[in-house]
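All values below come from the heavy atoms of this structure, side chains included, with hydrogens, waters and symmetry mates left out.
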Amino acid sequence: MMAEVVHKDNWSRGALAPVTPPRYSPADMPSAAVEGNERLRLGVSSCLLGEQVRFDGGHKHDRFLTDVLGRYVEWVPVCPELEVGMGVPRESVRLEGDVESPRMVAVRSGTDHTTAMRRFAAARVRQLATLDLHGYVFKKGSPSCGMERVRVYGQGGMPSRHGQGMFAAAFMAGLPLLPVEEEGRLHDPVLRENFIERLFAYRRWRGLVASPSRGALVAFHTAHKFQLLAHSPKHYSALGRLVAEQKGQRPAALVAEYGPAFMTALGMHATTAKQVNVLQHLAGFCREHLDGPDRQELASVIDDYRLHLVPLVVPLTLLRHHVVRHKVTYVLGQTYLHPHPKELMLRNHV
C-alpha cells in the first residue's frame, strides 16, 4: 500500500500563501495499522518520496519511508529550495561562514540565498505548525534540510561538519517537541525504533492536550509508566511526582508542563539494561499467575535477551502471552507492550 502524499501546490511554486490542511483518508487502512482511525501526519523532504526536486532534477527515494512506514502515514512533503523559487534543475548551494549563523550561497555564481531562505523558513514553519504534524523526516546532509552534521565552509575552504540545514534549524527551533529524524539515521534499527515510538507517543500526548483533565493526565501517565522507565528512570520519577503533586494547577497547564519532559524522556535510548529492568518488573505482575516452569521459562527468555541471544520481541511475546491469558489488567494497559504497530516489526531487530 503506498503512502498518501499531500501535495502543496502553492508552496511548490514558492508562494507564501495559506494552504488548506490535508484530510485524513484512513478508510482503506487495516484497523491494526492506525490508532483512532487516523494515520500519522509527517512532514518530509520531498525528494525522499521519489519526487524529482533535487538540484540536478533527481530524487533520493527512500523505500522504507514509502513502502513500510508509509502504510501508516499521511506525508506532507516540503522542498525548501524548490519552494523558495530556485527551480529544478538549479545551481547547487552550500552553507558558508559561521556554523551558528551560516549563509546559503550558490556554489558557482556566489548568489546569496540567505535572506530569502530565512524568510521562507519562518513562514513555512508557521504554516506547518497549523497542520498538527506528528513528526518530520529530513534529508541528511542537505544545506536546507540536514538535521545535523551539515557541511559549513569557512574562510580556509575546509568544511566543518557541525552545521544544520537552514530550514531544518528553523523547523526544530519553532516546533521543539516534535519528533524529527534523518532518513540516513533510520537505517539504524535502534534509532528507527526510537523515532517511530516517539511519533506514536507524541500523537497520544497531543490527544491529551486536546482534552486535558486531571483524570486524563493520571491515566496517561499510568499507561506510559513502563515505557518511560525503559528510556529514563530519572524522568519516570520526576513525571510521577509532577502528576502526584498537582497542587491545584489547571489541567491544561499541567499537561503543558508534562509534555516537554515526556518527549525528552522518550528521546533517550532504551538500553538493554533498562529494557531488562522493565521486563523483570512486568514479569513480577504475572508471578502469582504462573507455575514454577512458566516463571523459569520467562526468566530464562529475559536473560537470553540480556545476553543478546534473542531480540526484544522474544521476551515481549512471551510476556504478552501470559498477560493476556491471565488478564493482568494493569500490564495490559501499558503502552510499553504496544508502542507502535506490530506489523512494522521494529522490535525484531533491537
Side-chain angles (χ1 to χ4, degrees), residues 21-22 24 26 29-43 69 71-76 128-137 175-181 191-232 235-236 238-240 242-244 246 250-270 274-275 278 282 316 320 323 329-344 346-347:
Y24 290 111
M29 296 290 291
S31 59
V34 292
E35 295 177 1
N37 267 350
E38 292 182 356
R39 294 176 178 177
L40 293 169
R41 184 181 291 177
L42 304 185
L69 185 58
R71 289 178 290 165
Y72 310 96
V73 169
E74 178 185 32
W75 296 109
V76 179
L128 290 168
T130 70
L131 299 184
D132 196 23
L133 298 180
H134 303 115
Y136 203 107
V137 182
L175 298 168
L177 295 190
L178 210 68
V180 298
E181 257 304 350
L191 297 179
R192 182 170 63 234
E193 198 272 341
N194 177 263
F195 175 59
I196 295 173
E197 180 181 358
R198 284 185 289 136
L199 294 177
F200 283 93
Y202 181 81
R203 183 168 72 179
R204 291 191 295 271
W205 177 70
R206 290 297 301 169
L208 179 64
V209 170
S211 301
S213 70
R214 297 183 191 283
L217 178 58
V218 170
F220 183 92
H221 179 70
T222 300
H224 288 84
K225 276 188 173 182
F226 286 100
Q227 192 174 358
L228 286 166
L229 187 60
H231 287 272
S232 174
H235 286 85
Y236 165 85
L239 287 168
L242 174 65
V243 173
Q246 296 188 15
R250 292 184 300 108
L254 280 167
V255 170
E257 184 178 352
Y258 186 96
F262 176 70
M263 293 308 302
T264 297
L266 295 185
M268 298 181 177
H269 291 166
K274 287 187 284 189
Q275 298 277 26
V278 170
L282 294 177
L316 277 174
R320 276 196 297 259
V323 167
T329 306
Y330 179 76
V331 179
L332 273 174
Q334 291 297 313
T335 59
Y336 177 80
L337 293 182
H338 44 81
H340 37 59
K342 64 182 179 182
E343 292 84 357
L344 286 169
L346 298 171
R347 287 172 158 179

- Query: Any sub-3.5 Å donor-acceptor pair from His134's side-chain atoms to Arg41's backbone N or O?
  - Reply: yes
- Task: Could you tell me whether a side-chain N or O of Arg203 sits under 3.5 Å from a main-chain N or O of Arg39, the two making a donor and an acceptor?
- Result: yes
- Task: Can you measure from CG (Leu282) to CZ (Arg320) and round to the nearest 0.5 angstrom?
- Result: 11.0 Å
- Message: Using the rule given for side chain to side chain contact (heavy atoms under 4.5 Å, CB included), can you reason through Leu199 versus Val73, listing the C-alpha separation, both sets of side-chain angles and the distance that settles it, and then say yes or no?
- Response: CA-CA 11 Å; Leu199 294 177; Val73 169; 5.9 Å; no
- Smallest heavy-atom separation, His338 atom then Leu332 atom, equals NE2-O, 3.6 Å
- Message: Does any part of the side chain of Val255, heavy atoms only, come nearer than 4.5 Å to the side chain of Trp205, both counted from C-beta?
- Response: yes
- Task: State, yes or no, whether a side-chain contact exists between His231 and Asn194 at a heavy-atom distance under 4.5 Å.
- Result: yes
- Task: Using a 4.5 Å cut-off on heavy atoms from C-beta on, say whether the side chain of Val76 contacts that of Tyr136.
- Result: no
- Check: Tyr336 and Gln275 side chains under 4.5 Å, non-hydrogen atoms: yes
- Message: Within the supplied structure, the quantity of interest is the number of heavy atoms (other residues, nucleotides, ligands) at a distance under 6.0 Å from Arg250 CZ; does it exceed 12?
- Response: no
- Phe200 and Tyr72: aromatic ring centres closer than 6.0 Å? no
- Task: Could you go through the side chain to side chain contact (heavy atoms under 4.5 Å, CB included) check for Leu133 and Leu42 one step at a time?
- Result: CA-CA 6 Å; Leu133 298 180; Leu42 304 185; over 6 Å; no
- Task: Could you tell me which non-hydrogen atom of Ala201 sits nearest to which non-hydrogen atom of Leu266, and how far apart they are?
- Result: CB-CD1, 3.3 Å
- Query: Which heavy atom in Ala223 sits nearest to a heavy atom in Gly333, and how many Å separate them?
  - Reply: CB-O, 3.6 Å
- Message: I'd like to check Met263 versus Pro176 (side-chain heavy atoms, cut-off strictly below 4.5 Å). Are they in contact?
- Response: no
- Message: Between Leu191 and His269, is the side chain to side chain contact (heavy atoms under 4.5 Å, CB included) condition met? List the steps.
- Response: CA-CA 8 Å; Leu191 297 179; His269 291 166; 3.3 Å; yes
- Query: Going from CG on Leu40 to CD1 on Ile196, what distance comes out if it is rounded to the nearest 0.5 angstrom?
  - Reply: 9.0 Å
- Item | Contact check, side chains of Leu208 and Arg204, non-hydrogen atoms, under 4.5 Å | no
- Task: Establish, from distance only, whether the side-chain atoms of His221 and Tyr258 form a donor-acceptor pair under 3.5 Å.
- Result: yes
- Over all heavy atoms of both residues, which pair between Leu239 and Ala261 is shortest? Give the atoms and the distance, please. CD2-CB, 3.7 Å
- Does the pair His340 and Glu193 meet the rule for a side chain to side chain contact (heavy atoms under 4.5 Å, CB included), with working shown? CA-CA 9 Å; His340 37 59; Glu193 198 272 341; 2.9 Å; yes
- Message: Distance check, rounded to the nearest 0.5 Å: Leu242 atom CG versus Glu257 atom CD?
- Response: 4.5 Å
- Message: Within the structure provided, determine whether Gln334 and Lys225 are in side-chain contact (heavy-atom separation under 4.5 Å).
- Response: yes
- Item | Shortest non-hydrogen separation from Lys274 to Ser232 and the atoms involved | NZ-N, 4.5 Å
- Task: Could you check if a side-chain atom of Val243 sits within less than 4.5 angstrom of a side-chain atom of Phe220, using non-hydrogen atoms only?
- Result: no
- At their closest point, which heavy atom of Phe226 faces which heavy atom of Val278, and how far apart are they? O-CG2, 3.7 Å
